[in-house]
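Below you'll find the structure, written out as structure tokens, and then a few comments.
Atoms considered below: every heavy atom in the structure, side chains included; atoms not considered: hydrogens, waters and symmetry mates. By convention here, the first residue in the shown sequence is residue 1. Order of appearance sets the numbers: ligands from 1, and atoms from 1 within every ligand.
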Amino acid sequence: MIIQPRTRGFICITTHPEGTAKNVHNQIEYIKSKNISTEGPKKVLIIGASTGFGLSSRITAAFGYNAATIGVFFEKPAAQKKPGTAGWYNTAAFEKEAHAAGLYAKSINGDAFSDEIKQQTIDLIKKDLGQVDLVVYSLASPRRTHPKTGVVHSSVLKPIGEPFTNKTVDFHTANVTDITINPIDSQEDIDNTIAVMGGEDWKFWMEDLKAAGVLAEGVKTVAYSYIGPELTHRIYKDGTIGMAKNDLEKTVPVLNELLADLNGVSYVSVNKALVTQSSSAIPVVPLYVSLLYKVMKDKGIHEGTIEQMQRLFEERLYTTNGQIPLDENGRIRIDDLEMREDVQKEVDDLWKIVTSENINEISDIKGYRDEFFQLFGFNYDEIDYDVETDELVTVPSIS
Ligand code: NAD
Ligand code: NA
């Protein structure tokens, strides 16, 4: 079928299989070009492996370290006349390239929050790999069905306390307006967000994996967080999502104790603000990201998910001397370039003056939009979007 971008609200509801394959291929080429020489992971489980940081983690492990990877995600397969989701096509492309390179790669499509998918993953590890030495936890989801209670928790993106007013942009139209986001109604909003994006499910995963004996001696596990600058704190760090991230951080010592007899260790890595399907849904953040991209590109220090994950693996998790640089709170920081004083100062100055009139000159809103559509396989010069493409792409390991 002929597949072109179609949007509903801020979201893109179509996906181009060749374009998403291009996106995956570019990331693979980037990692190969880095010629990583440090000792790294060998058998890796990635939970949330199909898009964003999880996909880039998988590509880094596989093509940077020749690791065997099992990826877990929740995506829609392609059907006749109905394109699959980006994560589906990403995985199809990833597996194809991994297999061609002689790398083990299998995937599981289903609800990672459920006991069933955890068991299915354990069975696959036992059958094919025996044990894993790295577990990457990179889920981003609006809801979670709790496996023990059956309760469906929905996360909210709200400030706590007073209403929050700031600038925001509709990145499709580049229209800058003020937005007021009402605060939470009750503690329940916080609790539900923690239930979805906090650390409990990460803990459940590690407990189950350990009990099944599929974690290797010296296993590492990492989950991702975000902090960001003052101007987004009310909606992010000090809002409901920030409370969930605090809960994720509190899970680190719990997991360290769980993994102690395996000499295992767990980390939260604070990553940079990036264009992903999840972050485009947060008000205020896309405008901040457009300005940040402009400043960081001008300084030659721009990074996407793959650049971030390459640094996470080579300069943090698997360094030559085995030392992992951490901040005063025991966290890995790869948001160091984003948070640099000169970068934040310039973003701040631009933030004060940005309007619908000047946004195209002073921000990288175009780069934001391009990258957003590239997540869905669009906006690649090399691809002709007016010709037929086969929408029925399968993930090799999933029948
Ligand atoms: P993303 O939306 O690109 O990826 C989410 C992944 O989770 C996908 O693979 C998806 O299939 C999977 N998933 C969602 N629900 C699932 C379910 N029920 N079962 C199985 N898989 C499921 O998100 P992302 O932006 O890469 O975020 C990953 C992590 O990184 C999150 O913890 C996020 O908070 C964090 N982070 C994001 C940013 C950013 O700017 N995007 C910055 C710092 C940290
Ligand atoms: Na991810």
Sub-4.0 Å atoms of ligand 1 with respect to non-hydrogen atoms of [X]:
X: Asp111; value: 17 (C), 18 (N), 19 (N)
X: Gly48; value: 6 (C), 7 (O), 9 (O), 12 (C)
X: Ser225; value: 43 (C), 44 (C)
X: Gly110; value: 19 (N), 20 (C)
X: Gly52; value: 3 (O), 26 (O)
X: Ser50; value: 8 (C), 9 (O), 10 (C), 11 (O)

So, regarding [X] and ligand 1 (criterion: nitrogen or oxygen to nitrogen or oxygen, under 3.5 Å), is there a contact or not?
X: Phe113; result: no
X: Phe74; result: yes
X: Leu274; result: yes
X: Thr51; result: yes
X: Gly54; result: no
X: Glu75; result: yes

State plainly whether the residues Lys118 and Asp201 are in salt-bridge range, i.e. N to O under 4.0 Å.
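Counted as a salt bridge, because a side-chain N and a carboxylate O are separated by less than 4.0 Å.
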Quick test of your reading of the model: are Lys127 and Asp123 salt-bridged, counting only N-O distances below 4.0 Å?
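Salt bridge absent between Lys127 and Asp123.
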Would you check whether [X] reaches within less than 4.0 Å of ligand 1, judged by its heavy atoms?
X: Ala49; answer: yes
X: Ala223; answer: no
X: Lys245; answer: yes

Is the positively charged end of Lys203 above the ring of Tyr137, judged by distance under 6.0 angstrom from the centroid and angle within 45° of the axis?
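Because its charged atom misses either the 6.0 Å distance or the 45° angle limit, Lys203 does not stack over Tyr137.
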Should the pair Lys220 and Tyr318 be classed as cation-pi, given the thresholds of under 6.0 Å to the six-membered ring centre and 45° from the axis?
yes
Check the side chains of Arg58 and Ser138 for a donor-acceptor pair under 3.5 angstrom, ignoring hydrogens and angles.
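The criterion, which ignores hydrogens and geometry beyond distance, is not satisfied for Arg58 and Ser138.
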Side chains of Ser57 and Tyr224, donor plus acceptor under 3.5 Å:
yes
Considering only heavy atoms, does Lys272 approach ligand 1 within less than 4.0 Å through its side chain, its backbone, both, or neither?
backbone
Assess the pair His25 and Tyr30: is the distance between their ring centroids shorter than 6.0 Å?
no
Decide ring pair (Phe, Tyr, Trp, His ring centres under 6.0 Å) for His146 and Phe113; before the verdict, give the C-alpha distance in whole Å, the side-chain angles of both, and the deciding distance to 0.1 Å.
CA-CA 7 Å; His146 197 284; Phe113 296 126; 9.5 Å; no
Is there a ring pair (Phe, Tyr, Trp, His ring centres under 6.0 Å) between His302 and Tyr293? Walk through the geometry before answering.
CA-CA 7 Å; His302 175 69; Tyr293 271 34; 4.4 Å; yes
Going by heavy-atom distance to atom 6 (C) of ligand 1, choose the closest among Gly71, Ser138, Ala273.
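Looking at heavy atoms only, the winner is Ser138.
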For atom 25 (O) of ligand 1, the option (of Thr276, Ile117, Leu375) bearing the nearest heavy atom:
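It is Thr276 that holds the nearest heavy atom.
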With heavy-atom distances below 4.5 Å as the criterion, would you say the side chains of Met243 and Ile160 are in contact?
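Contact flag for Met243/Ile160 side chains = yes.
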Residues Trp202, Ser266; criterion side-chain contact (heavy atoms from CB on, under 4.5 Å); working and verdict:
CA-CA 10 Å; Trp202 185 23; Ser266 72; 4.1 Å; yes
